[in-house]
Amino acid sequence: MQRNIMTSTQKANYWYKAAPVEAFSENGGACVQYKGIQIAVFHFKATDEWYASQNMCPHKMQMVLSRGLIGDACGEPKVACPLHKRTFSLTTGQNLNGEEYSIQVYPVKVEDGYVYIGVE
Ligand code: FES
């Protein structure tokens with residue numbers, strides 16, 4: 001059965017067709033490129049929710065967030081950078097360590113077996 005899943009209420013000007021669902025690991029992240037921008041895509045298998053954010057960690061400007069550990073903080077989906085464990089909300093991009101820098105997040109939808117990322 002085909003399922004259409006929208007995991008964000010954010011609107012998008014354009015939906016970038018990133019890749020088939022099978023191309024992404026379950027309970028983990030993967031990196032895709034859109035117009036030279038690296039975007040980290042995360043799939044939470046247990047809830048079948050998808051999130052996307054910039055791949056660059058703003059702490060040391062490293063392209064690593066797609067390799068981060070995903071989880072939740074009081075129900076808030078998050079990713080922890082694999083380098084120094086700064087943690088970011090995947091719904092708002094807020095730095096959950098209380099530091100000033102945050103990350104850009106993108107809406108994601110799954111349609112007809114493909115993952116789409118909402119971009120400007
Ligand atoms: S580079 Fe991500 S926490 Fe340092």
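Atoms within a ligand are numbered from 1 in the order they appear, just like the ligands themselves. This chain uses plain numbering: 1 for the first residue, then up along the sequence.
- Residue Met63 belongs to a hydrophobic cluster whose other members are Met56, Met61, with links defined by side-chain heavy atoms closer than 4.5 Å.
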side-chain contact (heavy atoms from CB on, under 4.5 Å) assessment of Asp48 paired with Trp50: CA-CA 7 Å; Asp48 204 19; Trp50 295 77; 3.8 Å; yes
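- Shown are the protein N/O/S atoms under 2.8 Å from atom 2 (Fe) of ligand 1, given by residue and atom: Cys57 SG, Cys81 SG.
- Ring pair His59/His84 is perpendicular by interplanar angle, where above 60° counts as perpendicular and below 30° as parallel.
- The closest side-chain donor-acceptor pair between Glu76 and Ser89 falls under 3.5 angstrom.
- Taking hydrophobic clusters as Ile, Leu, Val, Met, Phe, Trp and Tyr residues chained together by side-chain heavy-atom distances below 4.5 Å, Tyr114 shares a cluster with Trp15.
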From CA spacing to verdict: side-chain contact (heavy atoms from CB on, under 4.5 Å), Tyr34, Tyr14: CA-CA 11 Å; Tyr34 173 73; Tyr14 174 72; 3.7 Å; yes
